[in-house]
Asker: 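Take a look at the following structure, please.
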Amino acid sequence: LVRSITSQVEGKKVSVGTPIPYSPYHQFGTSRIYARPYLGLDERDKEVIRRTIGEYIATIVRGGR
């Protein structure tokens, strides 16, 4: 599953996931199967996201796009 993870940017939205049909069962579990999450964010990921958003907002404030 990890090797099938892709990202897609559409305007101001970013989607991350996999086209593998059984991936939700691993990520979230079912009534019979415990969740075994493979997607998530660690502190480094969160910092990269914060910095990227900050840079984007700074660009807008300066009149850029």
Side-chain angles (χ1 to χ4, degrees):
L1 284 174
V2 171
R3 287 182 271 180
S4 70
I5 296 172
T6 61
S7 62
Q8 183 176 358
V9 178
E10 296 177 22
K12 297 178 183 178
K13 179 181 172 185
V14 177
S15 299
V16 177
T18 175
I20 305 297
Y22 56 83
S23 63
Y25 307 124
H26 281 274
Q27 184 71 22
F28 304 111
T30 69
S31 60
R32 295 181 178 185
I33 300 170
Y34 290 107
R36 293 172 287 177
Y38 61 96
L39 290 175
L41 298 172
D42 61 19
E43 288 306 313
R44 187 173 141 246
D45 296 328
K46 292 175 186 178
E47 182 53 37
V48 169
I49 292 168
R50 285 185 200 102
R51 187 174 57 245
T52 302
I53 292 170
E55 291 169 359
Y56 178 75
I57 291 171
T59 301
I60 292 172
V61 169
R62 289 191 302 266
R65 185 159 152 66

Asker: Is it possible for you to say whether Val2 and Phe28 belong to one hydrophobic cluster, with membership spreading through side-chain heavy-atom contacts below 4.5 Å?
Answerer: no

Asker: Which residues pass the ring pair (Phe, Tyr, Trp, His ring centres under 6.0 Å) test with Tyr34, sequence neighbours left out?
Answerer: none

Asker: Thinking salt bridges, do Arg44 and Glu47 make one under a 4.0 Å N-O criterion?
Answerer: no

Asker: Quick one: list whatever passes side chain to side chain contact (heavy atoms under 4.5 Å, CB included) with Ser23, sequence neighbours left out.
Answerer: Leu1, Thr18, Ile20, Tyr38

Asker: Using side chain to side chain contact (heavy atoms under 4.5 Å, CB included), reason through Asp42 and Asp45 one step at a time and then give a plain yes or no.
Answerer: CA-CA 5 Å; Asp42 61 19; Asp45 296 328; 3.1 Å; yes

Asker: Can Ile5 be reached from Val14 by stepping across I, L, V, M, F, W or Y side chains whose heavy atoms are under 4.5 Å apart?
Answerer: yes

Asker: Search all heavy atoms of Ser4 against all heavy atoms of Pro19 and return the closest pair with its distance.
Answerer: O-CD, 3.7 Å

Asker: Among the clusters formed by ILVMFWY side chains lying less than 4.5 Å apart, do Val16 and Val9 turn up in the same one?
Answerer: yes

Asker: What are the two closest heavy atoms between Gln27 and Ala35, and how far apart are they?
Answerer: O-CB, 3.5 Å

Asker: Kindly work out whether a path of hydrophobic side-chain contacts (I/L/V/M/F/W/Y, heavy atoms less than 4.5 Å apart) joins Ile57 to Ile49.
Answerer: yes

